[in-house]
Amino acid sequence: MKRRGFLVVLSGPSGAGKNTLLNAVLPRIPDLKYSVSATTRPPRPGERDGVDYFFLDDAAFDAMIARDEFLEWAEFAGYRYGTPRRFVEECLAQGYVVITDVDIQGARQIKEKMPDGVFVFLLPPSMEELQRRLESRGTESAEAISRRLKIALEEVAAIVDYDYWILNNHLEEACEQLVSIIRAERARVCRTDFSTLPLKGE
Ligand code: 5GP
């Protein structure tokens, strides 16, 4: 039975724990592919080019825009971030589930182009906890943290445009929830091609 691929869009404030959640979910769903974004933000310690992001300078990012190589792109806290189109389209054509981590502006663009995508919003336990997580990461300046916290409040207000929400209080529970959402979405009749099934009793 052939399955149609679909895109899962994961958004949530910076520091909500999207990366940790993704790293926990990816090994549990064999046909789930992570779309690595491009960014003009410099790498944080330990981040690897081509794994965490494709780290580009402004000219290289501009060139990708000019060649229409992004499914979406947006500016976030002073840097640009974009989802490379080709990887997503190729994986979907092969029937994979693709997950992409984008901010609310990117999610809006994707919804216009792919209304059958699955839009999931990850909530931090509280704003205090979000601030604590951003500070303990130790990678952003105090100014960058307060900028991200301000954006977080605006982002949470956009939750009404999403299909599902997950509270990231306990990683294991959040992980279970995202796995369940993906499994349920995969089982939707509209995402399956039944034409090869002998359903007519012949
Ligand atoms: P960070 O700098 O903390 O890695 O990411 C900052 C924000 O950019 C996060 O909210 C993240 O979801 C978002 N982001 C990451 N990749 C993309 C992308 O490809 N497109 C868009 N629009 N946002 C992204």
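Since the model is a prediction, treat every value here as computed from it, not as a measurement. Counting starts at 1 for both ligands and their atoms, following the listed order.
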Visitor: Under 3.5 Å, is there a donor-acceptor pair between the Q94 and E90 side chains?
Guide: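 Checked: Q94/E90 side chains show no N/O donor-acceptor pair below 3.5 Å.
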Visitor: If I compare all heavy atoms of S195 with all of D193, which pair ends up nearest, and what's the gap?
Guide: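 Closest pair (atom of S195, atom of D193, distance): OG-OD1, 2.7 Å.
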Visitor: Give the contacting part of R44 toward ligand 1: side chain, backbone, both or neither, where contact means a heavy-atom distance below 4.0 Å.
Guide: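 Just the side chain.
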Visitor: Salt-bridge test for R28 and E172: reply yes if a basic N is under 4.0 Å from a carboxylate O, no otherwise.
Guide: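 A salt bridge links R28 with E172.
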Visitor: Evaluating non-hydrogen atoms only, which member of T83, V102, D101 is closest to atom 16 (N) of ligand 1?
Guide: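 Among T83, V102, D101, the closest heavy atom to atom 16 (N) of ligand 1 belongs to D101.
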Visitor: Pick, from E47, E155, K18, the option with the minimum heavy-atom distance to atom 10 (O) of ligand 1.
Guide: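 Of the listed residues, K18 has the closest heavy atom.
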Visitor: Can you list the atoms of ligand 1 that are under 4.0 Å from a heavy atom of S14?
Guide: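 By the 4.0 Å cutoff, the relevant atoms are 3 (O).
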Visitor: Would you say E72 contacts ligand 1, with heavy atoms under 4.0 Å as the rule?
Guide: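 Right, E72 reaches ligand 1.
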Visitor: Numbering the atoms of ligand 1 from 1, which are under 4.0 Å from a heavy atom of G106?
Guide: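 Close to G106: 22 (N).
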Visitor: Run the salt-bridge test on R3 and D31 with the 4.0 Å N-O cut-off and return the result as yes or no.
Guide: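 Result for this pair is no, no salt bridge flagged.
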Visitor: Hey, is F76 touching ligand 1 through its side chain, its backbone, both or neither, going by heavy atoms under 4.0 Å?
Guide: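 For F76, the contact with ligand 1 is made by the side chain alone.
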Visitor: Counting non-hydrogen protein atoms only, what is the nearest one to atom 13 (C) of ligand 1? Give residue, atom name and distance.
Guide: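 Checking every protein heavy atom, the shortest distance to atom 13 (C) of ligand 1 gives D103 N, 3.8 Å.
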Visitor: For the residue pair F6 and Y96, is the inter-centroid distance of their aromatic rings smaller than 6.0 Å?
Guide: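 Distance test on ring centres: not under 6.0 Å, no.
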Visitor: At a 4.0 Å cut-off, with the gap strictly under it, does some heavy atom of Y53 reach an atom of ligand 1?
Guide: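 For ligand 1, residue contact (heavy atoms, under 4.0 Å) with Y53 is present.
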Visitor: Give yes if a backbone or side-chain nitrogen or oxygen of R148 is under 3.5 Å from a nitrogen or oxygen of ligand 1, and no if not.
Guide: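 Yes - when backbone and side-chain N and O of R148 are compared with those of ligand 1, one distance drops under 3.5 Å.
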Visitor: Which residue owns the protein heavy atom closest to atom 19 (O) of ligand 1, what's the atom, and how far is it?
Guide: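 The answer is S37 OG, 2.6 Å.
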Visitor: State plainly whether the residues R86 and E69 are in salt-bridge range, i.e. N to O under 4.0 Å.
Guide: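 Salt bridge between R86 and E69, a charged N being under 4.0 Å from a carboxylate O: no.
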Visitor: Could you check whether E72 and Y81, counting side-chain N and O atoms only, form a donor-acceptor pair closer than 3.5 Å?
Guide: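 Checked: Y81/E72 side chains show no N/O donor-acceptor pair below 3.5 Å.
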Visitor: So that I can tick it off, tell me whether D116 and R4 are bridged by a salt bridge, with the cut-off set at under 4.0 angstrom between side-chain N and carboxylate O.
Guide: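 Judged by the 4.0 Å cut-off on N to carboxylate O distance, R4 and D116 do not form a salt bridge.
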Visitor: Using 4.0 Å as the upper bound for N to carboxylate O, is an ion pair formed by D52 and R41?
Guide: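 D52 and R41: not salt-bridged.
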Visitor: Under 4.0 Å from any heavy atom of R41, which atoms of ligand 1 are there?
Guide: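 Heavy-atom distances to R41 below 4.0 Å select 1 (P), 2 (O), 4 (O).
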Visitor: Below 4.0 angstrom from a heavy atom of A74, which ligand 1 atoms are there? Numbered from 1 as shown, please.
Guide: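 Listed by number with element, the hits are 22 (N).
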Visitor: Checking the N or O distance criterion of under 3.5 Å, is ligand 1 in contact with G82?
Guide: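 Between G82 and ligand 1, an N or O pair is found under 3.5 Å apart.
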